[in-house]
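Remarks on the structure that follows.
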Amino acid sequence: MDDGPLWWPVQRLVEAYRDGSLSPVEVAELAQARIAETDPILHSFVLATPELAKRQAASAEAAYRNGRPGPLAGVPVSIKDAFHVEGHVTTLGSLAHTGDVARHDSGAVRRLRRAGAVFVGKTNVPEFCQSATTDNLLGPDTANPFDPGRTTGGSSGGAAASVASGTCTLGLGSDGGGSIRIPAAFCGLVGLKPTYGAVDDAGGFQAFTPFISPGPLARSVGDARYMLSVLAAGGTATPGTPAGTGLRRVAWCSNPEDRPVDPGLAAVVTSAVAKLAAHGHHVSQVELDLGGWEDMFGLLVLAEEGERRGHLLHGPHRLTTYQERSLRAAEQLDPETLRNARSALVQYRARVDRYFRDHDVIATPATATPAFELGHRPKTIADRGVGRLWGAFPFAVPFNVSGHPAIVLPVGFVDGLPVAIQLVGRHNADLDLLSLAEQLESGLNLRPFARLPSRIPAS
């Protein structure tokens, strides 16, 4: 295990900067060296930004000397390539945007910059973030640090791989359909989708607009909280206030919508739920009525893609198969169908919200399987056929549709691959959700597997 500064939690890192025992410039250099070591195998990054990182690290060092550091001063952070960083290309995972240099920071990036974060690079995404695996036409698929033959998930797959492989302390991701939580689950990380609207990304990339939330990928719940405190500052909503350390009423559903779950994963997550009961929380088995999310989610995402990017069907650039199919499907949508989907969305949010009359938190598996082989989505799980689109990860999107905050955290391994639980809270109860997740994290005592071996095995 490597115990170097790139693996330290945020608090330990900033304390070392504050007392002068560690230099932000030194850590920025370590981050670039680690990117050079891992990226030929993992393909986490579209672009490393060593010059920017060096300038930001020098500014952070000066801020510590002057006694005015921001809350993330000197902390290495990767930026998903769906966010704009002034003066750097935002590819959005597409050949159509490889020359698009951002003229300004988008909102989430602006707050991280103001907090003193050091941007180590832009991380890989599927084209226009339209896939739950991180593959596009720009280069190889992003690979999982636990097994480079397997996927990281998506669309924040590059961000997850960057944190899990120790190139940075935190990753900025976005979650429109599980895009933070799926990669976090597959890569042994904590991933938080804040309450819809809690984190604003003014001036940023537009997709999944009714559903998306920028948020953190981190190696601990504490680090995710640290990053959320920066991201939510000045947003369109607040992440709420913690409800203290009282006991919670937890609604546990082992397989929402009767979806099949890998038996090994199910056993590990069920054991983690028992830890919540052992802490005194009231855990009750429930059946969640979450059906209907696929239609309204798919229709509204397609409609926005068609409106914003339909012209690319007739442009000079090749598109991924999945993006081309999406844009052609968008051409077939009719206004009445979309009106019905928008009406159903309002009703769906009210339906899910009713569970929080009798419960404080909903718990589910984060995914239905551990990370699968690159390019091979499972066709069967637990001897049952599943759809290619959502079969491996059907439990995240319902809470994008409902807008509730949701966090995943690792709870163990199956065949050497991390698996995770998902906890969902009331609207704007993000901090309360983090508090419960941190209690579970402490009880499981699995922190060592959040730090991978210093050298990634060659593929």
Side-chain angles (χ1 to χ4, degrees), residues 1-16 22 27 30-31 34-35 37-38 42 44-45 71-72 74-80 112 117-118 120-121 123 142 144-147 152-153 156-173 175 180-193 215-231 272 366 371 407-413 416-423 433-435 437-456:
M1 287 297 196
D2 187 332
D3 195 35
L6 290 172
W7 299 100
W8 293 357
V10 172
Q11 189 63 44
R12 180 180 176 188
L13 197 59
V14 299
E15 286 175 357
L22 186 65
V27 174
L30 289 173
R34 182 65 172 158
I35 291 171
E37 179 185 24
T38 62
L42 299 180
S44 308
F45 289 87
L72 290 176
V75 176
V77 177
S78 68
I79 307 295
K80 182 179 179 178
L112 290 170
V118 172
V120 299
T123 53
T142 298
N144 194 310
F146 280 86
D147 179 349
T152 56
S156 305
S162 73
V163 177
S165 61
T167 67
C168 53
T169 307
L170 298 167
L172 174 63
D175 193 318
I180 287 173
R181 288 163 291 153
I182 294 165
F186 282 173
C187 293
L189 300 175
V190 173
L192 173 68
K193 180 192 80 69
L217 288 128
R219 289 191 289 267
S220 70
V221 178
D223 280 3
R225 180 191 289 109
Y226 220 113
M227 191 172 186
L228 178 65
S229 69
V230 170
L231 291 175
I407 190 170
V408 304
L409 66 153
V411 292
F413 286 102
L417 298 168
V419 296
I421 192 171
Q422 175 175 236
L423 302 174
L433 193 63
L434 285 160
S435 176
E438 195 162 35
Q439 185 182 52
L440 177 57
E441 178 185 66
S442 176
L444 291 167
N445 194 28
L446 290 173
R447 288 185 185 276
F449 85 71
R451 297 181 298 155
L452 305 182
S454 62
R455 294 195 174 273
I456 301 295

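Quick caveat: nothing in here was measured; it's all calculated off a predicted structure.
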*Rounded distance (nearest 0.5 Å) linking atom CG of Leu423 with atom CD1 of Ile407*: 7.0 Å
*Does Arg219 reach the main-chain N or O of Pro9 with its side chain, forming a donor-acceptor pair under 3.5 Å?*
no
*Which is it for Cys168 and Val77 under the side chain to side chain contact (heavy atoms under 4.5 Å, CB included) test, yes or no, and what are the steps along the way?*
CA-CA 6 Å; Cys168 53; Val77 177; 5.8 Å; no
*Counting distance only, does the side-chain N/O of Ser229 pair as donor-acceptor with the main-chain N or O of Tyr226 below 3.5 Å?*
yes
_Check this for me, if you would: do Glu37 and Arg34 make a salt bridge, where the nitrogen-to-carboxylate-oxygen distance has to be below 4.0 angstrom?_
yes
*Show your working on side chain to side chain contact (heavy atoms under 4.5 Å, CB included) between Leu409 and Ile421 and close with a plain yes or no.*
CA-CA 6 Å; Leu409 66 153; Ile421 192 171; 3.6 Å; yes
*Rounded to the nearest 0.5 Å, what's the gap from CD1 on Ile35 to OG1 on Thr123? Could you check?*
10.0 Å
*Hey, does the side chain of Asp175 reach the backbone of Arg181 with a donor-acceptor pair shorter than 3.5 angstrom?*
yes
*Less than 4.5 Å apart, any side-chain heavy atom of Val120 and any of Pro76?*
yes
*Starting from the C-alpha separation in whole Å, work towards a yes-or-no answer on side chain to side chain contact (heavy atoms under 4.5 Å, CB included) for Thr167 and Ser44.*
CA-CA 10 Å; Thr167 67; Ser44 308; 5.9 Å; no
*Quick check: does any side chain N or O of Glu441 sit under 3.5 Å from a backbone N or O of Val221, one acting as donor and the other as acceptor?*
yes
_Distance (rounded to the nearest 0.5 Å) between Leu13 CG and Trp7 CH2_ = 13.5 Å
*Less than 4.5 Å apart, any side-chain heavy atom of Ser156 and any of Leu217?*
yes
*Heavy-atom distance under 4.5 Å between the side chains of Ile180 and Leu192, does that happen here?*
no
*Between Ala371 and Asn144, what is the shortest heavy-atom contact and its length?*
CB-ND2, 3.6 Å
*Which distance, rounded to the nearest 0.5 Å, do you find between the OG of Ser220 and the CD of Glu438?*
7.0 Å
*Mind listing the closest non-hydrogen atom pair of Ala185 and Val408 along with its distance?*
N-CG2, 4.1 Å
*How far apart are the closest heavy atoms of Pro5 and Val27, and which atoms are they?*
CB-CG2, 4.0 Å
_Show the nearest heavy-atom pair for residues Leu42 and Ala161, with the distance to one decimal._
CD1-O, 4.5 Å
*asked:* Please give me the minimum heavy-atom distance between Ser162 and Ala159, naming the atom from each residue.
replied: OG-O, 2.6 Å
*asked:* Does any part of the side chain of Pro410, heavy atoms only, come nearer than 4.5 Å to the side chain of Val190, both counted from C-beta?
replied: yes
*Which atom pair, heavy atoms only, marks the closest approach of Thr142 to Gly157?*
CG2-O, 3.8 Å
_Return the OG1 to CZ distance between Thr38 and Phe45, rounded to the nearest 0.5 Å._
7.0 Å
*Can Leu72 and Thr169 be said to form a side chain to side chain contact (heavy atoms under 4.5 Å, CB included), step by step?*
CA-CA 10 Å; Leu72 290 176; Thr169 307; over 6 Å; no
*Roughly how far, to the nearest 0.5 Å, is OG of Ser435 from CG of Leu440?*
11.5 Å
